[in-house]
A.B. asks: 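Here it is, the structure, as structure tokens.
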Amino acid sequence: MTPADLSAAVLAAVSQSLAEGDFTGTAPAEVVIERPRNPEHGDYTTNVAMRLAKPAGKPAREVAAAIAARLAAVDAITKVDVAGPGFLNITLAPDALGQVARTIVEAGPSFGTGDALAGQNLNLEFVSANPTGPVHIGGARWAAVGDALARLVQANGARVTREYYVNDAGSQIERFARTLREVANGRPVPEDGYAGSYIDDIAAAVLAQNPGLLDLSDDQQLEVFKRDGVDQMLAEIKSSLADFGVVFDVYFRESDLHARNELDLALKRLRDQGHVFAADGATWLRTTDYGDDRDRVLVRSNGEWTYFAADCAYYLDKRERGFDKVVIMLAADHHGYINRLRAMATCFGDNPGETLDVFIGQLVNLVKDGEPMRMSKRAGNVIVLADLVDAIGADAARYALVRYSVEQGIDIDLDLWARRGNDNPVYYVQYAHARLASLQTHAAELGIVRSAEPDLGLLTHDREVDLLGALGEFPRVVASAAELRAPHRVAHYLESLAGTYHRFYDACRVLPMGDEPATELTHARLWLCEATRIVLANGLALLGVTAPERM
RNA sequence: GCCCCCGUAGCUCAGUGGAUAGAGCAGUCGCCUUCUAAGCGAUUGGUCGCAGGUUCGAGUCCUGCCGGGGGCACCA
């Protein structure tokens, strides 16, 4: 009996109580089943009686007692206690609890998936670093978190498109191209240009691609550097993301919005909706009608589009492509955009609560030798994604970036995450998986094959019960991590599960010693171990981190 | 001035209104004659920034204040 099964059983008991008049009220949509912290409180606990008490007009303990009486009739349940203010503490029969291992092994890679988000078509936009330089550390955080989130919502049944917005149409591209041209001609980097060694590489690559380029006029050169420079830069960005294990489905170019006149279309739509006005020679969107603290310019008085106008067109484009939810991940220094984006969606006639989900992540700092690394674009010492992967590896980098709540600003200590030791959380989890894989190899060498009909009721040791309980939590963790857009919950769960497993390993010998034969308990524990390995592997996969067979 | 995030053990952080607030690291003391010691056990360590409020119940929700970080363009 998994927590989901138990939840259904409790709900059935509640419905029965309501039908037969134990108390009055309406059945909840869902009964939340939790693992009690204190093992004396049974295998599972629920506060459903306390939630029903008020509408029922009865003391919570009385409601709990009525539900408990009905639950006692369920075979898999051996004990139901009413405790404290009205908790129901439930103890399962050993065999019922042990069946969790079978459920997991039979589900394999699909254990933990669900259909909570089935039918949703999501567009996840993240990273979107300007194609004027490599992906820096902040973009790396989004790459790790965004990709994990994509995997999470997919695991819950949603359709997902990972999208990268390429800002290839603004004045920064102009500066980028000019920088490349000046460097290629052996002239100094312009005052407002880009610094960094990558500039030399890109300039050289464009020259190699276009023999005789330097014989053209400055203006002609600029066009080539603009076009091929962006392409070269984008190729480098894609390559560094691929090394990080992140692959986007769509690279959407801002220039395409302009080429297809989508900004005009968006402006027309917004005008038709009655939210556009003219002032001071510019064209504005009245975002203050919907919660923004000032109105926003769409067309400047010099006739040029603003970046915000492109944002509007881009949002409209996504909606026209059939996405019913547009998720945009921004860095903390862009938090002021939330209100204007929501207001813009409302101006289009959407309900941003349903169609738009903007969320922001706090900044990342790197720490080396105990000192924060001060980075400056001008000095060209910005730490980029590729450097991070070189320094600590893709697994540690992804794990380090996804392990913390995005609402938390983080310091990544390069020394710690490069270490191959137990103070490095990613190794702690991976080690548990490697130990399990090794154990299976060893079992195979001994000629032990997991029996098809194990007696899982033999898994009654405290450490076995702990492990079964922890394993059963995985689907709930995956569902809530997706719902709350909080991939870090998966990482924390895995660390906790790894610890529970290590303690089991220490207390419970799995394989027979010496010449001893394999027993029923051996087989039951092999099922438990395989279930644990599957959950660790599935969880690491959700984070985009490998589950090594050996370390 | 306004807006966003944070404040929980010495450090880094978990904790979607529930029972005695947790983990890792650091410290101390133990455990390798058989499945990976990259592990495990024990132990030390807390006025959950402060003050009010909401309710059966607040680290969690609300208000104010204090402290730290980041923002507030007809830039992109």
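Basis for what follows: all heavy atoms, side chains included, without hydrogens, waters or symmetry-related copies. Note on naming: letters A, B, ... go to the chains in the order of the sequence lines (proteins, then strands), and numbering restarts at 1 for each one.
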A.B. asks: Glycosidic conformation of B:C48, syn or anti, with 90° from 0 as the boundary?
C.D. replies: anti
A.B. asks: Taking atom P in both B:C13 and B:G49, compute the distance separating them and give it to the nearest angstrom.
C.D. replies: 15 Å
A.B. asks: How about A:Tyr431 and A:His502: are their ring centroids closer than 6.0 Å?
C.D. replies: yes
A.B. asks: Counting side-chain heavy atoms from C-beta on, which of B:A73, B:U16, B:A38 comes nearest to A:Ser480?
C.D. replies: B:U16
A.B. asks: Out of B:U36, B:C74, B:G70, which has the shortest distance to the side chain of A:Ala332?
C.D. replies: B:G70
A.B. asks: Look at A:Arg296 together with A:Asp293 and state whether they make a salt bridge at an N to O cut-off of under 4.0 Å.
C.D. replies: yes
A.B. asks: So if I take every side-chain heavy atom of A:Arg550 and compare against B:U36, B:A14, B:C35, which nucleotide ends up nearest?
C.D. replies: B:U36
A.B. asks: Check for me: is A:Phe87 stacked on B:A19 by the 5.5 Å centroid and 30° plane-angle rule?
C.D. replies: yes
A.B. asks: Can you find a donor-acceptor N/O pair under 3.5 angstrom joining the side chain of A:His334 to the base of B:G71?
C.D. replies: no
A.B. asks: Categorize A:Ala83 for me: base, sugar-phosphate, or nothing, with a 4.0 angstrom heavy-atom threshold over every strand shown.
C.D. replies: base
A.B. asks: Compare the minimum distances between each of B:U34, B:C13, B:C35 and the side chain of A:Leu439, then state the nucleotide with the smallest one.
C.D. replies: B:C35
A.B. asks: Using the C1' atom in both, what is the distance from B:G46 to B:U8, to the nearest Å?
C.D. replies: 8 Å
A.B. asks: Across the strands shown, which category fits A:Gly514 at heavy-atom distances under 4.0 angstrom: base, sugar-phosphate, nothing?
C.D. replies: base
A.B. asks: With the threshold set at 4.0 Å, does a side-chain nitrogen-carboxylate oxygen contact exist between A:Asp317 and A:Arg253?
C.D. replies: no
A.B. asks: Once you round it to whole Å, what is the distance between P of B:U12 and CG of A:Leu414?
C.D. replies: 16 Å
A.B. asks: Contact class for A:Glu549 (heavy atom, under 4.0 Å): base, sugar-phosphate, or nothing?
C.D. replies: base
A.B. asks: To the nearest Å, how far apart are A:Asp415 CG and B:C25 C1'?
C.D. replies: 14 Å
A.B. asks: Between B:G70, B:G18, B:C6, which nucleotide gets closest to the side-chain atoms of A:His335?
C.D. replies: B:G70
A.B. asks: How about A:Val327 and A:Phe359: do any of their side-chain heavy atoms sit closer than 4.5 Å?
C.D. replies: yes
A.B. asks: Is the shortest side-chain N to carboxylate O distance from A:Arg485 to A:Asp357 below 4.0 Å?
C.D. replies: yes
A.B. asks: When you measure only distances, ignoring hydrogens and angles, does the side chain of A:Asn89 come within 3.5 Å of the base of B:A19 through a donor and an acceptor?
C.D. replies: yes
A.B. asks: Please measure how far the P atom in B:A9 lies from the corresponding atom in B:U47, and state the result in whole Å.
C.D. replies: 8 Å
A.B. asks: Could a donor-acceptor pair under 3.5 angstrom be found where the side chain of A:Asn47 meets the base of B:G18?
C.D. replies: yes
A.B. asks: Base, sugar-phosphate, or nothing for A:Leu298, non-hydrogen atoms under 4.0 angstrom?
C.D. replies: nothing
A.B. asks: Is A:Asp280 touching bases, backbone alone, or none of the nucleic acid, heavy atoms closer than 4.0 Å?
C.D. replies: base
A.B. asks: Any idea which of B:G70, B:G22, B:G39 is nearest the A:Arg37 side chain?
C.D. replies: B:G22
A.B. asks: How would you label the contact of A:Ser171 with the nucleic acid (heavy atoms, under 4.0 Å): base, sugar-phosphate, or nothing?
C.D. replies: sugar-phosphate
A.B. asks: May I ask you to say what A:Asn38 touches in the nucleic acid, namely base, sugar-phosphate or nothing, with a heavy-atom cut-off under 4.0 Å?
C.D. replies: base
A.B. asks: Mind checking A:Arg294 for me? I need base, sugar-phosphate or nothing, with any heavy atom below 4.0 Å counting as a touch.
C.D. replies: sugar-phosphate
A.B. asks: At 4.0 Å (heavy atoms only), tell me whether A:Tyr404 reaches a base, stays on the sugar-phosphate, or touches nothing.
C.D. replies: sugar-phosphate
A.B. asks: Measuring from the side chain of A:Arg435 (C-beta onward, heavy atoms only), which nucleotide among B:G39, B:G18, B:G71 has the closest atom?
C.D. replies: B:G39
A.B. asks: By nearest heavy atom, map A:Ala437 and A:Ser301 onto RNA chain B; which one lands nearer the 5' end?
C.D. replies: A:Ala437
A.B. asks: Checking A:Arg342 against A:Tyr290 for the side-chain contact (heavy atoms from CB on, under 4.5 Å) test, could you report, in this order, the C-alpha distance in whole Å, the side-chain angles of both residues, the deciding distance, and whether it holds?
C.D. replies: CA-CA 8 Å; A:Arg342 291 177 61 87; A:Tyr290 301 110; over 6 Å; no
A.B. asks: Indicate, yes or no, whether a donor-acceptor pair under 3.5 Å links the base of B:A19 to the side chain of A:Thr45.
C.D. replies: yes
A.B. asks: Could you go over nucleotides 53-58 of chain B and give all protein N or O partners under 3.5 Å, atom names and distances?
C.D. replies:
unit_1	atom_1	unit_2	atom_2	d
B:C56	OP1	A:Lys54	NZ	3.2

A.B. asks: Could you tell me whether A:Glu495 contacts a base, only the sugar-phosphate backbone, or nothing, with contacts defined as non-hydrogen atoms closer than 4.0 Å?
C.D. replies: nothing
A.B. asks: Counting side-chain heavy atoms from C-beta on, which of B:C74, B:U16, B:C40 comes nearest to A:Arg503?
C.D. replies: B:C40
A.B. asks: Pick the nucleotide of RNA chain B nearest each of A:Ile173 and A:His488; which residue has the one closer to the 5' end?
C.D. replies: A:His488
A.B. asks: Taking atom C1' in both B:C25 and B:C32, what distance in whole Å separates the two?
C.D. replies: 23 Å
A.B. asks: Answer yes or no as to whether B:U36 has its base stacked against A:Tyr431, where stacking requires a ring-centre separation under 5.5 angstrom and planes under 30 degrees apart.
C.D. replies: no
A.B. asks: Between A:Asp466 and A:Arg463, is there a side-chain N and carboxylate O pair less than 4.0 Å apart?
C.D. replies: yes
